[in-house]
Structure formats: structure tokens, C-alpha cells
Amino acid sequence: MPAELACFEERCRARFPITEVIYNCPRCGGLLEAVYPDPMEPAVQLKKRWRERRMSNTPLDQSGVWRYREFISFLGDDHRVVTLREGNTPLLDAPRAAQYAGLDSLTFKHQGFNPTGSFKDNGMTCGVAQALRLGMTRVACVSTGNTSASMAAYASAAGLQPIIFIPHGNISYGKLAQALEYGARTLQVEANFDQILALVRQLAEKLGIYLLNSINPFRIEGQKTIMVELMDQRDWNVPDWVVLPGGNLGNISAFGKALREMKEIGLISKLPRLAVIQAEGSAPFYDLMHSADRSQLHPVEHPETLATAIKIGDPVSWPKALHEVSTAKGVVEKVSEQEIADAKAVIGQCGIGCEPASAATLAGVRKLVAAGTVSADSDIIAVLTGNVLKDPDYIFKYHTGVLEGPQATKIRPNFGNAPTVVPNDATAIALLLSS
Ligand code: F0G
């Protein structure tokens, strides 16, 4: 039997053919997910095969997504897959960041090592593969920058036309530049992410364009492999915690689904706890998880944060995120602009670096350690979602002390490293460097 689409809502669970072009359940409006009726091979066999593929030179085996194709087998036939060798991202120990957070040790899984510099590539190779299978010629997304950069690259590589919608003035130049360079038709809309998503959904239906936002269940399948690769890299030893930033909440949905499914088939023996970190001015999921009534998320109408990647007030995947965080005995924390900026500079001082949204992880862990939720000796993986070069403007402003948060609040360069202007004079420079 082939894979199917299933409604995520417990009370509905309606099923649809995997090739139906739908983004929500036609019966109840719920979110959709891919489900696989066939039992997979025994876990030991899968582990062995996946490890052996690391020695292979074939493109699919070299992809850190398609290497695990038995775990995301929605295609049936993978001959049209386009891979840019996504995934394959490292685990990096960061003692300096651990010390900053009050931990004995801390490891980052750095998704910024992906071809377009963010975790979106893991999902996009799958979303684009599904678009090709459906015979689509145009794909679209609204984005805070990384999804659009990724979609532009993968769509162009696959010969599809990428059309991206971005909030005007609210994405970093690094990301916008990528979309232009990869040949996306780029529309800057005078509205915020949430408003543009509603617009794009209408347009996609009207014009027959395939929608590649994270509401697309095939992108979620691809992002599952971030957790599979993590466990593979750790020889299937489950950490105590996995920490990640939350925006539209697609990634937490993918991580939770992957972990549950890995446990179901015996790839791992237990679930790690999950911690989602949001920016204070853009934290509707934090509010939901800290309210007595979790039946409805209350959107933040005017989300604010310099971490523009997670500047989202009405995250579409919240029902999935709620389920995954609850199942994994997870927590949701929020952090200030100052905390994000300082944590980011500390990650930089480790020689690692990341974009602002990613640094919310370290800032959040530090808070959770201080609160006693995470113990100092925890085995903890923080997922850095985007590359340091995604937002150089932010970096320069922080280090030179001119970074301002929402409502013109000054961000202090507590770990600042401003450049020094010197004359073209060896003696003067030598004197400077001798102190
Ligand atoms: N980190 C980065 C660097 C991101 O780009 C995003 C989302 C997130 C974290 C949050 O992930 O939405 O799955 O909870 N960026 C999207 C975009 C929304 O359009 O690029 P999420």
C-alpha cells in the first residue's frame, strides 16, 4: 500500500491519496501529515543500511535526507529527486557556550551547514520532489527569508519556477540576496508574514501553484531526517534534551513526529525532552503552553523581534507542536532581544556562529538551567537553524553598539568586538598590538 495523507486531528483522522493537492483536511480543516501503512524493516537492518550508504557516491546516498529514504517513503519512486546534498550537518561541541549556559557540556547540531545555509533544505528537497511528482510547474511560499532562499534554490535546480512572497523590509539582505541569485520571482508585500500566508494560500489555489510553506506535509517529512541523522551520528544514543527555536512551528512538528516514529519502530528506546524557544515579542506558542486553556492559540497581532526568521504571530502548525511538546514532556521558553544578541555573540566566540533566531536556543537553555528545569549535567543538543552569514547587518550593529530592538530599545554589546580604525603606519599598529 502507498503512503497516504491523514488529517492530524484525533477526532477526524480522514485519509486522502498521497497525490491529492491539499494543505488542510477537506473535511475538518485540520493539518495534514504523511502516514505509512507498510511496516518498515527491522531497526537493526535500517541502521546498517543507512551507515553503509555513507560510503556510497550516488547522489541520493550522499544526501543527509534521502540516505534515510525508508523513513520518508512518500514518493514510491525517487528517480526525479533533486538533491543539493542537503543535511550532513555536524555535531559541534561548544564548551564556551556550555559554560555561558551553566552546563557541563553542550553540543550544537548546526543546520546552517546546509547548501542554502538553513534547515529548510532538509524539507525543501522533499517538497520539490512532491511538486515534480504532481506535475507542477510553479511553486510558491511566503517566508521570513530562509524558506524562500531554499525554495528558490531547489525549484531552480529542478526546473520549476519559484515565486516568493516576503514581508517588505522585514527579511535580512543575506536571505533576500539568495532568492534573487537563485532566480526566484520575488514579491515584497507590504504586510507581515501571517497576513501574506493567507494571501498566498488564496493565490496558490486560484493559479494552480504548489504551496511550499511548512504547512506542506512533505516538507515536514524531510525535516524529520534532522532527528534521524542526529541519532545516527550519536550511534542511536538518545540525548536528554533537544532544543530548537520556534516560529511557524513546522520544525518542532517534524522533530516530534520523527522521534515518535523512530521509537515506534525501535530505532531509539526513549524520547528526548523537547524545548522550544521563542522571542519575547513573538511568542504565541509560549503563551499557549502557559495558559490553562490550550484549545486555541491566540495570535500575536504585531509580532516583534530582531530575529526576523521567527517573527511570526500566528503559527499555523501549533496543533502539531502542542501534541509533540506534550508527548515529549517538553517545555516552551521565551527570551529577550538582549538575551538572544548576547547568546549569539557567545556562539560566535566558540568559532561556530549562527543567525539570531538560532541563538534563541542558547539563551533559552541558559534560562532553563537557571530555573532548574534543565540540570547542569544534562546531555543536551541545541539545533542551530541558520548560518552566521544570513544576517551580517545584525552582527555589525551588535558589535559596534548600535543595535536597537523593537521600540528603539538599545541592545548592549556585552560581548561586543568592534573593529578599530588604524593609520597606515607600522609603528602605530605595532604599539596598538603590544597592549
Ligand atoms: N530558525 C530559522 C533560522 C528559521 O528560518 C525559522 C523559520 C525558524 C528557526 C523557525 O522554524 O517556523 O519551523 O518553527 N523560518 C521560516 C521561513 C518561517 O520563512 O524561513 P519553524
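Atoms within a ligand are numbered from 1 in the order they appear, just like the ligands themselves. Throughout, numbering of the chain's residues begins at 1 and tracks the sequence.
- Of all the heavy atoms in Ala155 and Pro162, the pair that sits closest is CB-CB, 3.8 Å.
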(request) Would you please test Glu337 and Lys410 for salt bridge (charged side-chain N to carboxylate O under 4.0 Å, His left out) and show each step? (result) CA-CA 10 Å; Glu337 296 299 310; Lys410 284 257 178 297; over 6 Å; no
Exercise answer: donor-acceptor pairs, residues 362-372 side-chain atoms, under 3.5 Å, sequence neighbours excluded:
{"unit_1": "Arg366", "atom_1": "NE", "unit_2": "Tyr100", "atom_2": "O", "d": "2.9"}
{"unit_1": "Lys367", "atom_1": "NZ", "unit_2": "Lys334", "atom_2": "O", "d": "2.9"}

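- Under 4.0 Å from ligand 1, not a single heavy atom of Leu244 appears.
- Heavy-atom contacts from other residues, nucleotides or ligands closer than 6.0 Å to NE2 of His302 number 12 or fewer.
- Relative orientation of the Tyr210 and Tyr23 rings is tilted, given thresholds of 30° and 60° on the angle between their planes.
- At least one heavy atom of Ile312 lies less than 4.0 angstrom from ligand 1.
- Remark: ligand 1 atoms within the under-4.0 Å shell around heavy atoms of Gly246 are 14 (O).
- Between Ser148 and ligand 1, not a single N/O pair is under 3.5 Å apart.
- The atoms of ligand 1 that sit less than 4.0 Å from any heavy atom of Gly250 are 13 (O), 14 (O), 21 (P).
- For Glu355, every heavy-atom contact with ligand 1 shorter than 4.0 Å involves the side chain, none the backbone.
- The atoms of ligand 1 that sit less than 4.0 Å from any heavy atom of Ser143 are 17 (C), 19 (O), 20 (O).
- Contacts between Ala357 and ligand 1 below 4.0 angstrom, taking non-hydrogen atoms only, involve the side chain exclusively.
- Of the listed options Asn248, Val142, Asn146, Asn248 places a heavy atom closest to atom 12 (O) of ligand 1.
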(request) Test salt bridge (charged side-chain N to carboxylate O under 4.0 Å, His left out) on Asp232 and Arg54 and set out the steps. (result) CA-CA 11 Å; Asp232 189 4; Arg54 290 201 200 173; 3.4 Å; yes
Only pairs under 3.5 Å count here: list side-chain donor-acceptor contacts from residues 223-230, not counting sequence neighbours, and write none if there are none.
{"unit_1": "Gln223", "atom_1": "OE1", "unit_2": "Arg219", "atom_2": "NH2", "d": "3.2"}
{"unit_1": "Gln223", "atom_1": "NE2", "unit_2": "Asn251", "atom_2": "OD1", "d": "2.9"}
{"unit_1": "Lys224", "atom_1": "NZ", "unit_2": "Phe71", "atom_2": "O", "d": "3.1"}
{"unit_1": "Lys224", "atom_1": "NZ", "unit_2": "Glu221", "atom_2": "OE1", "d": "2.6"}
{"unit_1": "Lys224", "atom_1": "NZ", "unit_2": "Glu261", "atom_2": "OE1", "d": "2.6"}
{"unit_1": "Thr225", "atom_1": "OG1", "unit_2": "Asn122", "atom_2": "ND2", "d": "3.2"}
{"unit_1": "Thr225", "atom_1": "OG1", "unit_2": "Gly222", "atom_2": "O", "d": "2.6"}
{"unit_1": "Glu229", "atom_1": "OE1", "unit_2": "Asn88", "atom_2": "N", "d": "3.4"}
{"unit_1": "Glu229", "atom_1": "OE1", "unit_2": "Thr89", "atom_2": "N", "d": "3.1"}
{"unit_1": "Glu229", "atom_1": "OE1", "unit_2": "Thr89", "atom_2": "OG1", "d": "3.4"}
{"unit_1": "Glu229", "atom_1": "OE1", "unit_2": "Lys109", "atom_2": "NZ", "d": "2.7"}
{"unit_1": "Glu229", "atom_1": "OE2", "unit_2": "Asn88", "atom_2": "N", "d": "2.7"}

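- Near Ala309, with a cut-off below 4.0 Å to any heavy atom, the atoms of ligand 1 are 2 (C), 3 (C), 4 (C), 5 (O), 6 (C), 7 (C), 15 (N), 18 (C).
- Only the side chain of Ile310 comes within 4.0 Å of ligand 1, counting heavy atoms alone; its backbone N, CA, C and O stay farther away.
- Residue contacts with ligand 1: Gly386 is placed with no nitrogen or oxygen under 3.5 Å of a nitrogen or oxygen of the ligand (distance criterion only).
- When the heavy-atom distances from atom 7 (C) of ligand 1 to Lys120, Gln111, Lys311, Lys175 are ranked, the shortest goes to Lys120.
- Of the residues listed (Arg69, Arg53, Glu86), the one engaging Ser63 in a side chain to side chain donor-acceptor pair (under 3.5 Å) is Glu86, and it is the only one.
- Assignment of Pro245 to the shell around ligand 1 is supported, since a heavy atom sits closer than 4.0 Å.
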